[in-house]
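Positions are given from 1 along the sequence. Counting convention: from 1, in listed order, for ligands and their atoms alike. We use all heavy atoms of the structure for the numbers below, so side chains are in, but hydrogens, waters and symmetry mates are not.
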Amino acid sequence: MAETIFSKIVRKEIPADILYEDNLCLAFRDINPQAPVHILVIPKEPIAKLSDIESKDHALMGHLLLTVKRVAEQEGLTNGYRVVINCNHDGGQTVDHLHLHILGGRQMTWPPG
Ligand code: AMP
């Protein structure tokens with residue numbers, strides 16, 4: 001997989017506003033927030049995109065969702081929030097390192113653009 005800016009954030013080679021970290025994942029604020037709260041949760045393992053995950057990744061994927069819940073609670077998103085995974089070109093993915101967006105702090109609308 002090609003190196004991305006998120007691998008550099010995992011290795012602390014570039015700064016990020018990190019909210020949570022453990023041995024499997026990292027959560028940090030999005031640099032270009034689309035909502036009052038906009039956080040990215042990424043695996044430390046550089047999986048490029050959702051369509052690349054395999055059966056062996058099932059525990060990791062569950063861990064990422066549990067981390068979403070943990071960080072959303074930490075941020076006080078008691079009224080709810082949206083979780084987004086953009087996958088590949090048509091999904092609007094721009095950074096080729098799997099990431100879950102947590103968007104909150106305002107009313108979300110549907111359908112998304
Ligand atoms: P996506 O379009 O789903 O691939 O989302 C990529 C996200 O990464 C965008 O919301 C960007 O604003 C965000 N982003 C890009 N570079 C950084 C960075 N250095 N620190 C934090 N967020 C970033």
- Task: Just jot down the ligand 1 atoms closer than 4.0 angstrom to any heavy atom of T94, in number order.
- Result: 1 (P), 2 (O), 4 (O), 5 (O), 6 (C)
- Query: Of I14, V84, I31, T4, which has the heavy atom at the shortest distance from atom 21 (C) of ligand 1?
  - Reply: I31
- Message: Does any part of the side chain of Q107, heavy atoms only, come nearer than 4.5 Å to the side chain of N79, both counted from C-beta?
- Response: no
- Task: Number the atoms of ligand 1 from 1 as they appear, then name those within less than 4.0 Å of a heavy atom of Q93, with their elements.
- Result: 4 (O)
- Give the atoms of ligand 1, by number and element, whose distance to some non-hydrogen atom of R29 is under 4.0 Å. 21 (C)
- Query: How about H99 and H101: are their ring centres within less than 6.0 Å of each other?
  - Reply: yes
- Just let me know how N86 lines up against ligand 1, side chain, backbone, both or neither, with a heavy-atom cut-off below 4.0 Å. side chain
- Test item, G92 contacting ligand 1 (heavy atom, 4.0 angstrom): yes
- Keeping to residues at least two apart or across chains, list the salt bridge (charged side-chain N to carboxylate O under 4.0 Å, His left out) pairs with something in residues 29-42. D17-R29, R29-E75
- For atom 8 (O) of ligand 1, what's the nearest protein heavy atom and its distance? F6 CZ, 3.4 Å
- Closest to atom 12 (O) of ligand 1 among protein heavy atoms sits D30 OD1, 2.5 Å
- Heavy-atom contact under 4.0 Å between Q34 and ligand 1? no
- Message: Do D22 and H63 pair up side chain to side chain, a donor and an acceptor below 3.5 Å, judged on atom types alone?
- Response: yes
